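Since we're looking at a predicted model, the values are computed, not measured. Atoms considered below: every heavy atom in the structure, side chains included; atoms not considered: hydrogens, waters and symmetry mates.
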Amino acid sequence: MNILVCISNVPDTTSKINFKDENKSFDSNGVQFIINPNDEFGLTRAIWLQQKSGAKVTVVTVGDISCEPILRKCLAIGADKAIRIDVVPQDGYFVASQLSALYKNTPYDLIITGRESIDYNGGMVGGILATLLDLPYLANCIQMELEGNVATLQREIDGGKEILSGILPMVIGAQKGLVEESDLIIPNMRGIMQARQKPLEVLSAFSDENTSKVNIFEKPPAKGPVKLVDAGDIDALIDLLQNEAKVL
Amino acid sequence: MSIVVFIESQNGVIKKSGLEVTSYGRAIADLNGDSLVAVVFNPEDTVILNSHGVDKIYSVNTSNNKFFNVDQYSSTLANVVEREGANIIIVSASADGRYLAPILATKLKAAYMSNVVALPSSFNPIIVKRSCFTNKAFNETESKKSKTVLSLSSNAFGVHEKASSPEVFEQKFSEASSSLKVTSVDKVIDKVTIADADIVISGGRGLKGPENWHLIEDLAEVLGAATACSKPVSDMGWRPHSEHVGQTGKPVATNLYFAIGISGAIQHLAGINSSKIKVVINNDPEAPFFKAADYGIVGDAFEVVPKLIEKLKALQQ
Ligand SMILES: Cc1cc2nc3c(=O)[nH]c(=O)nc-3n(C[C@H](O)[C@H](O)[C@H](O)COP(=O)(O)OP(=O)(O)OC[C@H]3O[C@@H](n4cnc5c(N)ncnc54)[C@H](O)[C@@H]3O)c2cc1C
Ligand SMILES: Nc1ncnc2c1ncn2[C@@H]1O[C@H](COP(=O)(O)O)[C@@H](O)[C@H]1O
């Protein structure tokens, strides 16, 4: 079984976000990059399948050379092979179309994306990719069990969950629940050494199709100071919420 | 031109998020002299749409298939969009809406923009403001396609009334083609969900243990609110994972967010800071949450919250 895990290179969750070139582009100066958390849950689930049934796990990212450290980290975590499609993403469709071309050259049994990336938060690459490939897509996947090519899955919905079945190949959007935080694999020295020997293939862009472009970024306006209410004066709080904020 | 909105119902009743996308669609239609077309799935009746400015309704009955099916829903919508020649399609930020939107957009060869927070600033081309970097920033995105699918962030536009007298048509539900099938659904029905709530009451590690959660639940009950929690609280199993909000949990965009015994770590704030009004109750005046809040009480949750519940109950009588 061959699994493709799509990895997005994103700013660490505590990063301060800044822009440059008159707010036309993201300023990566001083920003630490990590594997998108949702993708790491997906990668961990893939590694379990590798350990249990010998699945082969390939990770792929669409991005320039600055994305290689996180691909090496994926290899140290246990992925067998990494692919970097050497082009700076333009939008979600652009990424999905690179990934779909990759799949058409080498099919996989299972494609794992994250529910969404924490940078642009598009929540779109998985759905677009699956539709381009005419494969089923399951968003917000919180459980996946495989038996042969039959998958039993769960999707988190508003107020609960859905239980589904489907047939591979398919695309899933991973999130917490698929594995837990405590299941995440911290690479050890051996993993890190082995990662250096594993293949990291660099491919050039397959196409140049996009559907949108970002014109400008903006930061939210600075917040005014908090209004403090005395702990003994709950009426004052209720009054503010009713008459000033008008939310009660 | 026309604008198509996707409207969800629950037990036959049109959801508030459906009225939000309708209000947003109406505002666009008014700016451009367009007609507003609503596609409603399984409504008991559609009367409420007559007071939200809808010009035409397609009602879809999925009777022999009561579960959400992304493939069938998106194909059904795509059929209406093609027939109406619509150029803007609007869905809400519900779990189903965000699942369906990229698939629908790809079927329509349309551009897709998620996390939309305002009316388009231009229509030719379409340019909209979206939140990004988990609400730490916004961007203006320009569509390069003739059709654009927008998913509207919850509570970003609000619900606005306008009278109309729409014609109602039946729309056939498309056949299923995907191998993916829902076999069952496990859903709390008697509780307000985080996604639909106007008010969310959230508790953190400051509440000390699951046995104290009656404070959160009682406050939620008087306010008709949903309950939520910080990540460590769900990690420790005090509360179910579905209540975990923040950057790696559920996003919250409500009118009123109460944070009780939550410190206000950057990853927590990232997921909730698009809520309109934030109230913090924390016994540490230095807790970072006070910098992000609108109103705050420096005090012990175990003393403040019971008093708050009592006062609110008294008000309701
Ligand atoms: C990659 C990553 C992702 C993360 N994602 C999320 C996320 O999505 N959501 C999330 O919430 N966190 C997330 N976190 C964790 C986050 O960094 C914080 O650790 C977490 O939010 C803290 O939870 P807390 O505020 O409940 O607990 P604490 O930080 O322990 O704060 C407890 C607060 O309660 C107050 N308190 C104590 N006693 C009382 C009392 N009697 N009355 C009133 N107040 C009291 C204290 O003053 C304190 O401010 C993430 C972390 C990482 C590294
Ligand atoms: N540049 C990229 N390269 C590879 N995969 C990506 C890239 N961007 C997004 N993805 C995948 O698509 C998922 C959803 O991303 P998004 O649509 O940007 O929210 C991510 O969790 C990744 O799995």
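More than 12 heavy atoms of other residues, nucleotides or ligands sit less than 6.0 Å from atom CD of B/Q316.
The candidate with the highest count of non-hydrogen atom pairs below 4.5 Å against chain A, out of B/S242, B/A270, B/A292, B/A101, is B/A292.
Neither the backbone nor the side chain of A/L135 comes within contact range of chain B; no heavy atom of the residue lies under 4.5 Å from a heavy atom of that chain. The parts of A/L138 that come within reach of chain B are both its backbone and its side chain, each placing non-hydrogen atoms under 4.5 angstrom from that chain. With a threshold of 4.5 angstrom between heavy atoms, A/F19 approaches chain B through side-chain atoms but not through N, CA, C or O. Proximity to chain B is limited to the side chain of A/L248, based on heavy atoms less than 4.5 angstrom apart. Interface residue A/L240: backbone and side-chain heavy atoms are both found under 4.5 Å from chain B. For a residue to count as touching a neighbouring chain, one of its non-hydrogen atoms must lie under 4.5 Å from one of that chain's; by this rule A/P37 touches chain B with the side chain only.
The pair B/K307-A/D235 fails the salt-bridge criterion, with no side-chain N (NZ, NE, NH1 or NH2) lying under 4.0 Å from an Asp/Glu carboxylate O.
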Candidate pair B/D294 and A/K223, rule salt bridge (Lys or Arg N to Asp or Glu O under 4.0 Å), full reasoning: CA-CA 9 Å; B/D294 300 280; A/K223 245 197 73 46; 3.2 Å; yes
Between B/I103 and A/Y137, does the side-chain contact (heavy atoms from CB on, under 4.5 Å) criterion hold? Intermediate values first, please. CA-CA 9 Å; B/I103 294 173; A/Y137 175 60; 4.1 Å; yes
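Listed by first then second residue, pairs satisfying side-chain hydrogen bond (donor to acceptor under 3.5 Å, both in side chains) with a partner in residues 239-248 of chain A read A/K227-A/E244, A/D239-A/N243, A/E244-B/Y295, not counting sequence neighbours.
Taking 4.5 Å as the heavy-atom cut-off, the residues of residues 247-254 of chain B that approach chain A are B/Q247, B/T248, B/G249, B/K250, ordered by number. Residues of residues 173-182 of chain A placed with any heavy atom under 4.5 Å of a heavy atom in chain B are listed by number as A/K176, A/E180, A/E181.
Looking only at distances, no side-chain donor or acceptor of A/D158 sits under 3.5 Å from a matching main-chain atom of B/A195. Remark: the backbone N or O of A/G122 is paired with a side-chain donor or acceptor of B/S114 at under 3.5 angstrom.
Side-chain contact of B/E140 with A/N215: a donor-acceptor pair under 3.5 Å is absent, judged by distance alone.
In summary, of the residues considered (A/N210, A/T211, A/D91), a side-chain hydrogen bond (donor to acceptor under 3.5 Å, both in side chains) with B/K144 occurs for A/N210 alone.
For B/E8, the side chain to side chain donor-acceptor pair (under 3.5 Å) partners are B/S92, B/S94, not counting sequence neighbours.
Taking all atoms of both residues into account, the shortest heavy-atom contact from B/G299 to A/A231 is CA-CB, 4.4 Å.
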